[in-house]
**Q** 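Starting off with a structure, shown below.
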There are 2 protein chains.
Amino acid sequence: MPPTPSKAQLMELLAHSVSTHYADFTTAAADTGLTSSQAKTLTVLRRAPASMRSLAHTLACDASNMTGIIDRLEKRDLVRREVSATDRRVKNVALTEAGQKLIDAIRERMEQTQTGLDQLSDEERAELFRLLTVVFPAQ
Amino acid sequence: MPPTPSKAQLMELLAHSVSTHYADFTTAAADTGLTSSQAKTLTVLRRAPASMRSLAHTLACDASNMTGIIDRLEKRDLVRREVSATDRRVKNVALTEAGQKLIDAIRERMEQTQTGLDQLSDEERAELFRLLTVVFPAQ
DNA sequence: CTCCATACTTGAAGACATCAAACAATATGA
DNA sequence: TCATATTGTTTGATGTCTTCAAGTATGGAG
C-alpha cells in the first residue's frame with residue numbers, strides 16, 4: 001500500500017494535472033484557430049443551446065464579456081443567436097453545423113493527445129472516474 | 001464493481017474537473033487582486049527563481065508576454081528581476097516577501113475551498129494520487 | 001573580428017475581462 | 001392600469017493577456 005499523500009501534496013498534483021490538461025486543450029483549440037475561451041464556449045453549447053446569461057454563469061464571467069465572445073463566434077458562423085419565443089429579452093445561442101464540426105474536431109484531437117488514460121486498466125478507469133466524481137461533484 | 005466508463009466519458013469528467021478547479025483558482029486569485037496569469041506565475045516562482053525564458057517555457061507563452069506580466073508584478077513589489085551573474089543577458093525573477101505571502105494566501109484559500117478531497121479516505125487519496133501520476137506524468 | 005544564436009524588450013493589433021451605464025422587455029404592487 | 005423595479009443583453013471605457021515582428025544587448029563559434 002502506498003503511503004498516504006497529504007492534502008497539500010494531492011492539491012499540488014491536482015494543480016499540475018489541471019495545468020497539463022488545460023494546456024493541451026488550449027493547444028488543440030489554437031490548432032483550429034480558436035482561443036480557449038471560444039473553445040470552452042462551444043464545449044458548453046455542444047450539449048444544448050443556452051442563453052447569454054446562462055453561458056456567462058457557466059463560464060464564470062461577466063455577461064458583457066459573453067457578448068464579445070459570441071460576436072466573434074457568430075462572425076465566423078460557428079454559432080447563431082435566436083430570440084427566445086417565450087421571453088423576447090433572451091437570446092439563445094446555438095451551434096451551427098460548422099461549430100458542431102469544429103468542436104468535434106477539437107475533442108477528437110484531445111482524445112489522441114490524452115494518451116495517459118490508455119495506461120489505465122478498466123478497473124483503474126472505473127476507480128478514477130468514481131474518485132473524480134467525489135472530488136468534483138457535478139454542479 | 002462499477003461499470004467501466006468509456007474514454008470519452010472519462011475525458012468529459014476530466015474536463016469538468018479541470019474547469020471546476022481552474023475556476024476556483026481564478027476566483028482565489030481574483031480575491032487577492034491578481035489575474036490567473038499572475039497567480040500562475042507566482043506559483044511557478046514559489047519553488048525557485050527562474051529566468052524570463054524558462055518562465056515563458058513553463059507557462060507556455062511567448063517571451064514578450066512574460067515581460068508584461070513580470071512588469072506588472074514588479075510594479076506591485078511581488079517579484080523582482082535580478083541580472084544573472086554568469087550571463088548578463090539573463091534576468092532571474094524571484095518572489096519578494098510580499099509575493100511569497102500572497103501566493104501562500106491563495107494556496108490556503110484553495111485548501112479551504114477544495115472540500116472534495118476531504119471526502120476521501122486515506123486509501124482513496126493514495127489511489128487518486130497514484131492514478132493521476134500515471135495519467136499526467138511529471139514533466 | 002565577424003557572424004550567428006540567445007535573452008530580453010518594445011510596439012502593434014486583436015482577444016479577454018470587469019465595471020458602469022444604457023436599453024428593452026418583463027414582473028410586481030398599488 | 002400605471003408606476004416602478006427587475007432582468008437580459010449590449011455598449012463604451014480601461015486594463016490585462018496573447019501573439020507576432022522587429023529591435024537591442026550579450027555570448028559563443030569560426
Side-chain angles (χ1 to χ4, degrees), chain A residues 19 22-23 25-45 49-76 78-94, chain B residues 19 22-45 49-76 78-94 102:
Chain A
S19 300
Y22 196 78
F25 180 72
T26 301
T27 301
D31 286 349
T32 66
L34 291 181
T35 66
S36 52
S37 291
Q38 291 170 343
K40 266 194 273 187
T41 303
L42 295 190
T43 300
V44 173
L45 293 174
S51 67
M52 299 294 292
R53 177 126 212 88
S54 81
L55 275 179
H57 178 259
T58 303
L59 297 175
C61 69
D62 196 88
S64 66
N65 197 9
M66 282 319 306
T67 298
I69 293 175
I70 297 299
D71 279 352
R72 287 180 284 271
L73 288 173
E74 198 171 30
K75 197 179 302 178
R76 293 173 55 183
L78 299 174
V79 304
R80 67 172 158 268
R81 285 175 166 95
E82 290 166 354
V83 175
S84 162
T86 59
D87 185 338
R88 284 187 304 177
R89 291 171 301 181
V90 174
K91 298 191 182 157
N92 288 311
V93 184
Chain B
S19 300
Y22 196 79
D24 285 352
F25 180 70
T26 301
T27 301
D31 286 350
T32 66
L34 292 181
T35 66
S36 53
S37 291
Q38 292 170 343
K40 266 193 273 187
T41 303
L42 295 191
T43 300
V44 173
L45 292 174
S51 68
M52 300 294 292
R53 177 125 210 91
S54 80
L55 275 179
H57 179 258
T58 303
L59 297 175
C61 70
D62 196 89
S64 67
N65 197 9
M66 282 320 306
T67 299
I69 292 175
I70 296 300
D71 278 351
R72 288 180 282 274
L73 288 173
E74 197 171 31
K75 198 178 302 178
R76 293 173 54 183
L78 299 173
V79 303
R80 68 171 157 267
R81 285 175 166 95
E82 290 165 355
V83 176
S84 163
T86 59
D87 184 339
R88 283 187 305 177
R89 291 171 302 180
V90 173
K91 298 192 182 157
N92 288 311
V93 185
L102 198 54

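This is a predicted model, so every value here is computed, not measured. Order of the sequence lines sets the chain letters (A, B, ...), proteins ahead of strands, with each chain counted from 1.
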**Q** I need the residues from residues 30-44 of chain A with at least one non-hydrogen atom less than 4.0 Å from DNA chain C; give them sorted by number, or say none.
**A**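 Those residues whose heavy atoms fall under 4.0 Å from DNA chain C, taken from residues 30-44 of chain A in numerical order, are A:T35, A:S37, A:Q38.
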**Q** Round to a whole Å and report the spacing from CD1 of A:I70 to P of D:dG8.
**A**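 In whole Å, D:dG8 P lies 16 Å from A:I70 CD1.
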**Q** Checking A:D71 now: which residues fulfil side chain to side chain donor-acceptor pair (under 3.5 Å) with it, not counting sequence neighbours?
**A**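 If we apply the side chain to side chain donor-acceptor pair (under 3.5 Å) test to A:D71, skipping adjacent residues, the hits are A:R81.
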**Q** Could you pull out all residues at least two apart from A:R89 that satisfy salt bridge (Lys or Arg N to Asp or Glu O under 4.0 Å)?
**A**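 For A:R89, the residues satisfying salt bridge (Lys or Arg N to Asp or Glu O under 4.0 Å) (neighbours in sequence not counted) are A:D87.
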**Q** Supply the atom-to-atom distance B:E82 CD to B:S51 OG, rounded to the nearest 0.5 angstrom.
**A**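 One gets 12.5 Å once the value is rounded to the nearest 0.5 Å.
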**Q** Which of residues 52-67 of chain A have a heavy atom under 4.0 Å from DNA chain D?
**A**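 Those residues whose heavy atoms fall under 4.0 Å from DNA chain D, taken from residues 52-67 of chain A in numerical order, are A:M52, A:R53, A:A63, A:S64, A:T67.
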**Q** Rounded to the Å, how far apart are A:E74 CD and D:dT9 P?
**A**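 Rounded to whole Å, this separation is 13 Å.
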**Q** With sequence neighbours left out, what residues match A:K91 under side chain to side chain donor-acceptor pair (under 3.5 Å)?
**A**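 Testing A:K91 for side chain to side chain donor-acceptor pair (under 3.5 Å), a comparison that skips the adjacent residues, returns none.
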**Q** Below 3.5 Å, can you tabulate the donor-acceptor pairs from side chains in residues 29-36 of chain B to any protein atom, sequence neighbours excluded?
**A**
| unit_1 | atom_1 | unit_2 | atom_2 | d |
| --- | --- | --- | --- | --- |
| B:D31 | OD2 | B:R109 | NH1 | 3.2 |
| B:T32 | OG1 | B:A29 | O | 2.8 |
| B:T35 | OG1 | B:Q38 | N | 3.2 |

**Q** Scan A:T41, A:L55, A:V79 and name whichever one has a side-chain contact (heavy atoms from CB on, under 4.5 Å) with A:I69.
**A**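 Of A:T41, A:L55, A:V79, side-chain contact (heavy atoms from CB on, under 4.5 Å) with A:I69 is met by A:T41 alone.
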**Q** Please check: side-chain N/O of A:S54 versus main-chain N/O of A:A50, any donor-acceptor pairing under 3.5 Å?
**A**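 No.
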**Q** Show each protein N/O and nucleotides 1-5 of chain D N/O combination with a separation under 3.5 Å, one pair to a line.
**A**
none

**Q** Out of curiosity, A:S84 OG to A:M52 CE, how far, rounded to the nearest 0.5 Å?
**A**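 Going from OG on A:S84 over to CE on A:M52, the span is 14.0 Å.
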**Q** Return each pair, listed once, that meets salt bridge (Lys or Arg N to Asp or Glu O under 4.0 Å) where at least one residue sits in residues 53-69 of chain B; pairs must be two or more places apart or across chains.
**A**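 Passing the test, one end in residues 53-69 of chain B: no pairs.
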**Q** Run the side chain to side chain donor-acceptor pair (under 3.5 Å) test against A:R76 and tell me which residues pass, sequence neighbours left out.
**A**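 Side chain to side chain donor-acceptor pair (under 3.5 Å) list for A:R76, sorted by chain: empty.
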**Q** Considering residues at least two apart in sequence or located in another chain, which fulfil the side chain to side chain donor-acceptor pair (under 3.5 Å) criterion with B:T58?
**A**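 B:T58: no side chain to side chain donor-acceptor pair (under 3.5 Å) contacts found.
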**Q** To the closest 0.5 Å, what do you measure between CG (B:N92) and CZ (B:R80)?
**A**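 If I round to the nearest 0.5 Å, the distance is 11.5 Å.
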**Q** Hey, where on DNA chain C does chain A first and last touch, going 5' to 3'? Cut-off is any atom under 4.0 Å from a heavy atom.
**A**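 Result: C:dA15 to C:dT26.
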**Q** Taking atom NZ of A:K40 and atom OH of A:Y22, what is their separation to the nearest 0.5 Å?
**A**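 A:K40 atom NZ to A:Y22 atom OH measures 3.5 Å (nearest 0.5 Å).
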**Q** Mind listing the N/O atom pairs, protein and nucleotides 26-30 of chain D, below 3.5 Å?
**A**
| unit_1 | atom_1 | unit_2 | atom_2 | d |
| --- | --- | --- | --- | --- |
| D:dT26 | O2 | B:R89 | NH1 | 3.2 |
| D:dG27 | OP1 | B:R88 | N | 3.2 |

**Q** Could you give the distance from OG (A:S19) to CG (B:L59), rounded to the nearest 0.5 Å?
**A**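 Between A:S19 OG and B:L59 CG, I get 8.5 Å after rounding to 0.5 Å.
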